[in-house]
Amino acid sequence: MNLEQRIQNSETRIFKAVFPNTTNHYDTLFGGTAMQLMDEVAFITATRFSRQKMVTISSERIDFTQPIPAGTIVELIGKVTKVGNTSLVVHVEIFVEQMYSSGRESAISGNFTFVAIDENKRPVRIVKE
């Protein structure tokens, strides 16, 4: 399987309902909760791509462009955007949609970098074949 096919096959999509217990005093999704969900989707994407043990080493520039109100549905989409020797980058985007009307918009996006590790938690090459 070629690299582009592996990237396509590892794309990860998860849907969540935004309940009041995940929101702040403005009734919008906590930023930290959004980041946790994004890291989880990024981890699943990285693991599905590499089929190796992966750990998050950084997140860069997470843009919160739309608030995510309680009582909405979010879709998180993770996609590998860069593959290095021992690391890879996953771009995660969160879309928000109303429960009882159509349409959706991008709300949050960011990049997460992962490193493949061995049983001793040392970086190892990402198998690219």
Side-chain angles (χ1 to χ4, degrees):
M1 184 180 325
N2 70 29
L3 192 62
E4 189 53 44
Q5 200 170 17
R6 283 179 62 196
I7 288 171
Q8 193 172 24
N9 289 348
S10 66
E11 183 175 289
T12 302
R13 295 170 176 264
I14 293 177
F15 289 87
K16 295 274 191 183
V18 179
F19 293 113
N21 67 329
T22 62
T23 62
N24 58 28
H25 58 289
Y26 299 114
D27 288 328
T28 59
L29 186 67
F30 277 117
T33 301
M35 291 169 62
Q36 178 184 357
L37 293 170
M38 292 173 80
D39 187 37
E40 181 180 341
V41 167
F43 167 76
I44 292 168
T45 305
T47 302
R48 292 180 70 211
F49 174 85
S50 68
R51 299 298 175 183
Q52 294 171 265
K53 292 179 181 175
M54 303 296 288
V55 292
T56 308
I57 60 161
S58 72
S59 60
E60 65 180 70
R61 191 177 168 126
I62 297 175
D63 293 318
F64 296 81
T65 55
Q66 294 291 327
I68 299 177
T72 56
I73 297 168
V74 293
E75 179 183 18
L76 295 98
I77 302 173
K79 185 171 183 173
V80 173
T81 57
K82 182 179 176 186
V83 181
N85 291 324
T86 61
S87 66
L88 58 79
V89 176
V90 177
H91 179 76
V92 178
E93 192 157 7
I94 300 181
F95 292 89
V96 61
E97 59 186 68
Q98 299 302 315
M99 284 194 185
Y100 306 112
S101 61
S102 60
R104 71 187 211 148
E105 58 186 336
S106 178
I108 305 172
S109 63
N111 294 314
F112 294 78
T113 303
F114 288 81
V115 167
I117 59 169
D118 64 15
E119 59 279 348
N120 298 313
K121 299 183 179 153
R122 293 196 178 96
V124 293
R125 273 181 118 27
I126 293 175
V127 180
K128 295 182 184 177
E129 294 149 15

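Heavy atoms only: backbone and side chains are in, while hydrogens, waters and symmetry mates are out. Nothing here was measured: the structure is a model prediction, and the numbers come from that model.
In this structure, the side chains of Val115 and Met54 stay at 4.5 Å or more apart for every pair of heavy atoms. Counting heavy atoms from C-beta outward, Ile73 and Phe15 have side chains that approach closer than 4.5 Å. Annotation: side chain of Ile68 is in contact with side chain of Ile108 (closest heavy-atom distance under 4.5 Å). The shortest side-chain heavy-atom distance between Phe114 and Thr86 does not fall under the 4.5 Å cut-off.
Between the side chain of Thr72 and the main chain of Pro69, a donor-acceptor pair closer than 3.5 Å is present. Counting only distance, with no hydrogens or angles, the side chain of Thr22 and the backbone of Val18 share no donor-acceptor pair below 3.5 Å. Between the Thr23 side chain and the Pro20 main chain, a donor and an acceptor come within less than 3.5 Å of each other. A donor-acceptor pair is defined here as one N or O able to donate and one able to accept, closer than 3.5 Å; such a pair exists between the side chain of Thr45 and the backbone of Val41.
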(request) Apply side-chain contact (heavy atoms from CB on, under 4.5 Å) to the pair Val80 and Val90, showing each step before the final yes or no. (result) CA-CA 4 Å; Val80 173; Val90 177; 4.3 Å; yes
(message) Determine whether Met1 and Asn9 satisfy the following criterion, side-chain contact (heavy atoms from CB on, under 4.5 Å), listing intermediate values before the conclusion.
(response) CA-CA 10 Å; Met1 184 180 325; Asn9 289 348; 3.2 Å; yes
(message) What verdict does the side-chain contact (heavy atoms from CB on, under 4.5 Å) test give for Ile117 and Arg122, after you've listed the backbone C-alpha separation in whole Å, the side-chain angles of each residue and the deciding distance to 0.1 Å?
(response) CA-CA 5 Å; Ile117 59 169; Arg122 293 196 178 96; over 6 Å; no
(message) Under the criterion side-chain contact (heavy atoms from CB on, under 4.5 Å), I'd like the reasoning laid out for Ile77 against Phe95: C-alpha separation, chi angles, the key distance, then a yes or no.
(response) CA-CA 8 Å; Ile77 302 173; Phe95 292 89; 3.7 Å; yes
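Nearest approach of Ile126 to Ala116, heavy atoms of both residues: CG1-CB, 3.9 Å. Of all the heavy atoms in Ala17 and Met99, the pair that sits closest is CB-CE, 4.0 Å. Considering all non-hydrogen atoms of both residues, Ala34 and Phe64 come closest at CB-CE2, 4.4 Å. Looking at every heavy atom in both residues, Met38 comes nearest to Ile94 through CG-CD1, 3.6 Å.
Remark: Arg6 does not engage Glu4 in a salt bridge, criterion side-chain N to carboxylate O under 4.0 Å.
In summary, the side chains of Ser106 and Glu93 do present a donor paired with an acceptor at a separation below 3.5 Å, with no hydrogens or angles considered. A side-chain donor-acceptor contact under 3.5 Å links Asp39 and Thr56.
Here the CD-CD1 distance, from Glu40 to Ile14, works out to 5.5 Å after rounding to the nearest 0.5 Å. A distance of 4.0 Å separates CD1 in Ile62 from CZ in Phe112, rounded to the nearest 0.5 Å. Atom-to-atom distance recorded for Leu88:CG and Ile7:CD1 is 9.0 Å, nearest 0.5 angstrom. Here the straight-line distance linking atom CD of Glu105 with atom OG1 of Thr65 works out to 7.5 Å at 0.5 Å rounding.
More than 12 heavy atoms of other shown residues, nucleotides or ligands fall within 6.0 angstrom of atom CD in Glu11. Residue-environment remark: CD (Gln8) stays at or below the threshold of 12 foreign heavy atoms within 6.0 Å.
Exactly one residue among Glu60, Arg61, Lys82 makes a side-chain contact (heavy atoms from CB on, under 4.5 Å) with Asn111. That residue is Glu60.
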